[in-house]
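Here's the structure we're looking at; comments come further down.
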Amino acid sequence: MPELPEVERAARTLRKAAAGRVIERIALIHPALKRRVSAHRLRTLRGTRIAAIVRRGKHQLLELDDGRVFHVHFRMAGDWDVGRTDEPLPRHARATIDLTDGTRISLVDPRALSTVELHAVGDNPLDGLGVEPADASLTPALLIQAFARRRGPIKPVLLDQHIIAGIGNIYASEALWRAKISPAVPAAGLSRRRIQELIDEIRHVLGPAARLPGRYKDARESTRIAVYGREGKPCRRCATPIERIVQAGRSTYYCPSCQRR
DNA sequence: CGTATCCTGACC
DNA sequence: GGTCAGGATACG
C-alpha cells in the first residue's frame with residue numbers, strides 16, 4: 001500500500017492511538033525483524049513514553065521521551081492495525097507495540113519486508129533523505145542541481161529518496177503523466193519551466209500532505225490513478241493506448257503520445 | 001548505471 | 001509453476 005499519502009494516513013492512525021502513551025512492550029514476531037533489534041534492547045523500551053510520531057518521506061519515527069527513536073518503514077506492504085492486547089493477533093502481524101492502556105498496535109505486512117530500527121539518542125535516523133515534497137525548499141533550482149549529476153531517465157530519478165522523499169512507483173508515473181513529461185527523458189537537461197510543472201504535479205498527486213500550506217484549495221480533488229496499471233487502455237487526455245515499460249526493474253506506465261521527450 | 005535480493009501472496 | 005507486486009539496498 002504505502003506511498004507518502006498512505007504512510008501519512010498510517011502515521012495519523014498511530015498518532016491517535018499512541019501519541020503521549022506509554023509502551024508496555026514491543027515484540028518482534030518475524031525473524032527478519034528480530035534480527036534487527038536485539039531482545040535486550042527491546043526490553044529497554046518498557047515504560048517509555050511515545051512523545052510524538054513524525055512522518056518523513058515514507059518513514060515513521062516514534063520519538064520517545066528519553067530521546068531515542070523507534071523507526072518504522074513499511075516498504076511495499078506494511079500497515080498498522082489498532083486493537084487490544086486481549087484480542088487475537090491480526091493476520092500477518094510481524095511486530096506489536098503494546099501500550100500500558102491495553103492498546104495493541106500491530107505492524108501487519110503480508111510480504112514481511114517492513115523494517116524497524118531503534119536509534120540511540122543523538123543519531124540521525126534519516127541521514128541522506130531528500131527534501132519533503134511539502135517543503136518550500138523543493139524548488140526548480142534544487143532539482144536542476146540534483147538532476148545535473150544524473151545521466152539516466154527522469155522516472156527512476158524520481159524514485160531516488162535521496163533527492164525527493166516520498167515519491168513511489170505509482171505516483172512517479174502519475175506525476176509525469178500530469179506534467180506531460182516522458183518517463184524516458186534524461187533528468188539532466190529538463191528545463192526550469194518543466195521542472196516547476198513537475199514539482200506542482202508531484203505535490204498534486206501526493207495529496208494534501210505534500211502540498212504547500214495555503215495552496216491547492218481543493219484538497220479533496222480527486223487524485224484517482226490516471227495511468228498506473230492501465231496498459232493498453234486509452235489515455236484519459238488523448239485516448240492513445242497507455243504503454244508499459246520497465247525502468248530500473250520497475251513498471252512505468254505512460255502515454256506515448258502526449259508525454260513528450 | 002542495471003540486477004539480485006529480502007519475503008509472501010495473488011493471479012495467470 | 002511462473003510472474004508480478006505501491007521499496008530500498010548491496011553489488012557488479
Side-chain angles (χ1 to χ4, degrees), chain A residues 1-11 13 28-37 55-61 71-81 89-95 106-117 119 124-130 132-133 146-178 183-189 201-202 204-207 209-210 223-232 242-254:
Chain A
M1 319 259 142
E3 289 200 28
L4 188 150
E6 294 79 18
V7 176
E8 173 68 17
R9 191 173 355 111
T13 299
L28 303 179
I29 300 166
H30 194 281
L33 290 182
K34 287 188 190 207
R35 268 180 251 132
R36 303 186 68 95
V37 184
R55 178 198 60 74
R56 264 279 280 133
K58 295 175 252 190
H59 301 256
Q60 293 175 82
L61 304 177
H71 177 184
V72 179
H73 195 299
F74 284 162
R75 299 289 182 106
M76 301 277 267
D79 202 0
W80 297 121
D81 174 276
L89 282 178
R91 188 165 156 77
H92 304 310
R94 305 307 186 189
S106 300
L107 170 57
V108 293
D109 181 358
R111 290 182 67 182
L113 292 171
S114 290
T115 58
V116 300
E117 256 167 286
H119 297 275
N124 175 5
L126 301 173
D127 196 28
L129 189 65
E132 193 67 27
F147 291 174
R149 284 178 280 111
R150 297 306 196 99
R151 199 177 308 245
I154 180 68
K155 193 271 191 166
V157 172
L158 288 182
L159 296 181
D160 184 343
Q161 303 297 302
H162 304 286
I163 303 176
I164 304 174
I167 305 175
N169 200 40
I170 291 180
Y171 295 121
S173 284
E174 295 299 317
L176 288 169
W177 180 83
R178 292 186 60 93
V185 291
E201 298 304 349
I202 288 166
H204 179 93
V205 299
L206 292 182
T223 6
R224 80 170 165 167
I225 303 302
V227 274
Y228 190 85
R230 296 190 65 246
E231 183 178 14
I242 296 301
E243 291 185 4
R244 171 183 179 268
I245 56 175
V246 174
Q247 296 179 293
R250 321 276 320 265
S251 292
T252 300
Y253 296 85
Y254 72 106

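Convention: sequence-line order gives letters A, B, ...; per-chain numbering from 1.
- When the P atom of C:dA8 is taken as reference, atom CG of A:Leu129 falls 9 Å away, rounded to whole Å.
- When the C1' atom of C:dG7 is taken as reference, atom CD1 of A:Ile167 falls 14 Å away, rounded to whole Å.
- A sub-4.0 Å separation between OP1 or OP2 of C:dG7 and a side-chain N or O of A:Arg250 is present.
- Atom CZ in A:Arg111 sits roughly 9 Å away from atom P in C:dA5 (whole-Å rounding).
- Taking each heavy atom of A:Ile242 and A:Arg230 in turn, the nearest pair found is CB-O, 3.3 Å.
- Whole-Å rounding puts the A:Leu159 CG to C:dA8 P distance at 8 Å.
- Here A:Ser251 reaches the OP1 or OP2 of C:dA5: one of its side-chain N or O atoms lies under 4.0 Å away.
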Problem - Dot-bracket encoding of pairs in DNA chain B, which uses [ ] for pseudoknotted crossings and | for another strand, Watson-Crick or G-U under 3.5 angstrom - result: ||||||.|||||
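- Listed by chain and number, the residues in a side-chain contact (heavy atoms from CB on, under 4.5 Å) with A:Lys58 are A:Val7, A:His73, A:Gln161 (sequence neighbours excluded).
- Rounded to whole Å, the separation between the P atoms of B:dG9 and C:dT9 comes to 25 Å.
- Here A:His71 contributes atom NE2 and A:Leu61 contributes atom CG; the two are 5.5 Å apart, rounded to the nearest 0.5 Å.
- Between A:Leu159 and A:Asn169, the closest heavy-atom pair is CD2-N, 3.6 Å.
- No contact: A:Arg36 has no heavy atom under 4.0 Å from any strand.
- Smallest separation of non-hydrogen atoms from A:Met76 and A:Pro2: O-CD, 3.1 Å.
- Within the 4.0 Å cut-off from OP1 or OP2 of C:dA8, at least one side-chain nitrogen or oxygen of A:Gln161 is found.
- Whole-Å rounding puts the A:Gln60 CD to C:dG7 C1' distance at 14 Å.
- Between A:His73 and C:dA8 there is a side-chain polar atom (N or O) within less than 4.0 angstrom of OP1 or OP2.
- Nucleotides B:dT3 and C:dT3 place their P atoms 15 Å apart, quoted to the nearest Å.
- The CD atom of A:Gln247 sits 10.0 Å away from the CD1 atom of A:Ile154 when rounded to the nearest 0.5 Å.
- Distance OH/A:Tyr171 to CD1/A:Ile202: 13.5 Å, rounded to 0.5 Å.
- Of all heavy-atom pairs spanning A:Tyr253 and A:Val227, the tightest one is CB-O, 3.5 Å.
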Problem - Test log, rule side-chain contact (heavy atoms from CB on, under 4.5 Å), inputs A:Val108 and A:Arg91 - result: CA-CA 7 Å; A:Val108 293; A:Arg91 188 165 156 77; over 6 Å; no
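- The separation of B:dA4 from C:dG2, taken at their P atoms, amounts to 16 Å, rounded to a whole angstrom.
- Using a 4.0 Å heavy-atom distance criterion, A:Gly249 is classed as making no nucleic acid contact.
- When every heavy atom of A:Ala165 is checked against every heavy atom of A:Pro133, the shortest pair comes out as O-CD, 3.1 Å.
- As rounded to the nearest Å, B:dA10 and C:dA8 have P atoms that lie 23 Å from one another.
- First and last contacts of DNA chain B with chain A, using any nucleotide atom under 4.0 Å from a protein heavy atom and ordered 5' to 3', fall at B:dC1 to B:dG9.
- One can place NE2 of A:His162 at 9 Å from P of C:dA8, the figure rounded to the nearest angstrom.
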